[in-house]
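Just below is one structure, and these are the notes that go with it.
In what follows, chains carry the letters A, B, and so on, assigned in the order in which the sequence lines appear, proteins first and then strands, with residues in each chain numbered from 1. None of these values were measured; they are calculated from a predicted model.
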Number of protein chains: 2
Amino acid sequence: MHTTIAIQPVTENTAPVSTAVNCARCGMQKFCLPTNLKPEDVQRLDRIIMRRRRIERGTNLYRMNDAFSRIYAIRFGHFKTYQVNPRGEQQINGFQMPGELLGLDAIGAERHQCGAVALEDSEVCEIPFDKLEGLLGDIPELLRHFHRLIGQEITREQNAMLLLATMRAEQRVAIFLTNLGARLAARGYAEHRFQLRMMREEVGNYLGLTVESVSRLISRFRHSGLLRVANREVEILDPVRMREIAAGVRLDA
Amino acid sequence: MHTTIAIQPVTENTAPVSTAVNCARCGMQKFCLPTNLKPEDVQRLDRIIMRRRRIERGTNLYRMNDAFSRIYAIRFGHFKTYQVNPRGEQQINGFQMPGELLGLDAIGAERHQCGAVALEDSEVCEIPFDKLEGLLGDIPELLRHFHRLIGQEITREQNAMLLLATMRAEQRVAIFLTNLGARLAARGYAEHRFQLRMMREEVGNYLGLTVESVSRLISRFRHSGLLRVANREVEILDPVRMREIAAGVRLDA
DNA sequence: CGAATCGTTGAATGGATTCAAAATTTGTGG
DNA sequence: CCACAAATTTTGAATCCATTCAACGATTCG
């Protein structure tokens with residue numbers, strides 16, 4: 001293991017996109033913060049969102065230890081969040097997709113606890129956290145939904161712990177693919193056919209495996225007829241069996 | 001691995017302790033929710049806290065999938081929180097000590113995402129979450145501190161992921177002991193000498209290792225003069241070297 | 001005191017890693 | 001658009017760390 005992925009280059013993309021923010025017209029509304037808000041409250045939220053910001057593929061939205069002042073809602077694109085341990089090795093904590101919030105790990109802290117890098121050209125909404133806190137006090141529904149999103153974050157991480165502590169490599173990869181599909185499906189995309197936005201190395205890093213192990217396992221899934229793979233394009237051909245493997249049934253074909 | 005610790009017996013301890021709650025006089029005030037609150041706000045918090053409740057060693061404070069209505073602040077004693085995977089195996093997500101909150105993983109969900117068991121006879125304050133949410137809207141300092149506690153929870157879990165994904169067994173145990181000491185020290189207890197409140201099996205389960213591995217590693221630490229161990233009583237004799245091992249230096253004595 | 005639980009130690013095994021090299025894809029400049 | 005370099009992915013063989021299986025102490029508790 002100990003995959004020392006080179007730390008991203010020190011290019012910072014700060015080009016704001018000054019389009020007036022309008023949650024009501026945003027396709028991500030039903031996953032993002034405004035969920036279940038009254039129209040007038042959605043507008044109050046619009047007003048505190050500073051701007052949209054484009055992030056080029058490979059650049060940092062924020063880095064570990066950056067001062068924390070805002071959280072981010074992904075409009076389109078994908079991100080990874082990662083920590084860097086004392087030895088300079090990267091550990092990926094998660095992959096984020098449109099409608100998900102970035103920066104939650106820093107709430108209640110002065111600084112970001114991990115960094116976020118765009119896996120492709122992406123766009124986020126910047127939400128100043130102090131202003132959001134003000135709104136949370138005023139709009140109970142917003143507070144509730146904000147807490148729901150935080151709770152999901154905690155649950156996601158606990159599931160990752162479960163995976164890392166108890167699952168065999170086979171299971172980890174199967175779970176990874178299954179979950180990715182489920183999250184995409186919830187957003188209206190195909191569940192069993194999608195593009196991996198990250199390298200094998202990053203998959204392995206996230207799953208606590210080496211690149212080689214991930215590659216080998218994907219190959220085995222392919223040879224067993226579970227998966228069709230063309231580079232980063234993946235199709236789960238046998239979702240039932242894939243879910244069995246995710247649940248712990250051994251693939252000994 | 002795959003330590004199938006028997007699920008706890010189905011005894012539920014519901015004996016409330018009807019002492020009027022008084023955060024101002026509680027020794028845990030500076031770690032718990034009331035931190036940094038004005039005295040009158042502390043009293044408002046007191047008023048919504050239903051009661052204190054004693055939990056006997058080995059009994060569940062709550063179980064996975066229980067309906068969620070309150071969070072709990074530990075007054076004294078220690079707990080473990082755990083998930084149960086589909087195969088019925090337990091995975092411990094963390095150990096909690098006085099001043100820490102239990103149940104945060106359920107916020108924004110209908111049900112608890114994990115269970116909590118007392119590792120020794122313990123006492124908690126029950127905090128109805130809906131009433132707390134009301135106060136959060138009224139008392140900005142409380143909202144802020146509540147978010148700080150949640151943030152700490154997320155950070156703790158990310159660190160656990162880092163440990164599980166990248167660390168060798170040696171490191172995991174060293175980190176576990178070091179962190180436990182640090183948390184106890186923050187609460188005014190000795191940093192380098194303490195009682196483990198959990199079985200070796202539970203340590204291993206949490207760290208993604210087998211009992212045998214944990215036992216072997218503790219023995220190696222002992223033989224290398226790093227540790228003095230008498231059953232669950234542990235003394236870190238060489239904190240510097242222990243921290244080195246936690247950081248990744250190999251113990252090849 | 002005896003049974004059950006918990007903890008330690010040993011030997012053999014195995015799953016994932018490491019090291020190495022080749023194959024493929026992606027990115028870049030001409 | 002092609003050619004070439006760099007990056008990424010795949011595959012193979014050897015190694016190693018933690019697990020598994022087994023047995024034996026030690027401790028706890030009724």
Do the side chains of R197(B) and E202(B) get close enough for a salt bridge, i.e. N-O under 4.0 angstrom? no
DNA chain C: 5'-proximal contact among S213(A) and S215(B) (nearest heavy atom): S215(B)
Restricting to salt bridge (charged side-chain N to carboxylate O under 4.0 Å, His left out), what partner residues turn up for R57(A), sequence neighbours left out? none
Check this one for me: any side-chain N or O of R250(B) less than 4.0 Å away from OP1 or OP2 of dC17(D)? yes
To the nearest 0.5 Å, how far apart are CZ in F221(A) and CD in E170(A)? 5.5 Å
Polar side-chain contact E212(A)-dC19(C) base: donor and acceptor under 3.5 Å: yes
Using the 3.5 Å cut-off, write out each protein N or O paired with an N or O of nucleotides 5-8 of chain D and the distance between them.
none

Mind calculating the distance between CD (E201(A)) and P (dT10(D)) to the nearest angstrom? 12 Å
Under the salt bridge (charged side-chain N to carboxylate O under 4.0 Å, His left out) test, which residues partner E244(A), sequence neighbours left out? none
Between dT10(D) and S219(A), is there an OP1 or OP2 to side-chain N/O distance shorter than 4.0 Å? no
For a quick check, tell me whether the side chain of E202(B) and the base of dC6(C) share a donor-acceptor pair closer than 3.5 Å. no
note: R220(A), atom CZ; dG15(C), atom C1'; distance rounded to Å ~ 10 Å
Specify the separation, in whole Å, of atom CG of L119(A) and atom C1' of dT26(C). 16 Å
CZ of R168(B) versus P of dA16(C): gap in Å, rounded? 19 Å
Taking the side chain as every heavy atom from C-beta outward, state whether L149(A) and Q152(A) have any atom pair closer than 4.5 Å. yes
Close aromatic pair by centroid cut-off 6.0 Å: Y62(B) and Y72(B): yes
Decide if the gap between the ring center of F194(A) and the ring center of Y189(A) is smaller than 6.0 angstrom. no
Residues which pass side-chain contact (heavy atoms from CB on, under 4.5 Å) with E212(B), listed by chain and number, not counting sequence neighbours: T210(B), R216(B)
Donor-acceptor pair present, R216(A) side chain and dG15(C) base, under 3.5 Å: no
Between F221(A) (CZ) and dT9(D) (P), how many Å, whole number? 17 Å
Atom pairs, protein N/O to nucleotides 28-30 of chain D N/O, distance under 3.5 Å:
residue : atom : partner : partner atom : Å
dC29(D) : OP1  : R57(B)  : NH1          : 3.3

Rounded to whole Å, please give me the gap between CG in L227(B) and P in dT8(C). 11 Å
What's the CG-C1' distance between N205(B) and dT19(D), to the nearest Å? 15 Å
Qualifying residues under ring-ring contact (aromatic ring centres under 6.0 Å, His included), relative to F68(B), sequence neighbours excluded: H112(B), F129(B)
In whole Å, what is the span from the CE atom of M198(A) to the P atom of dT9(D)? 11 Å
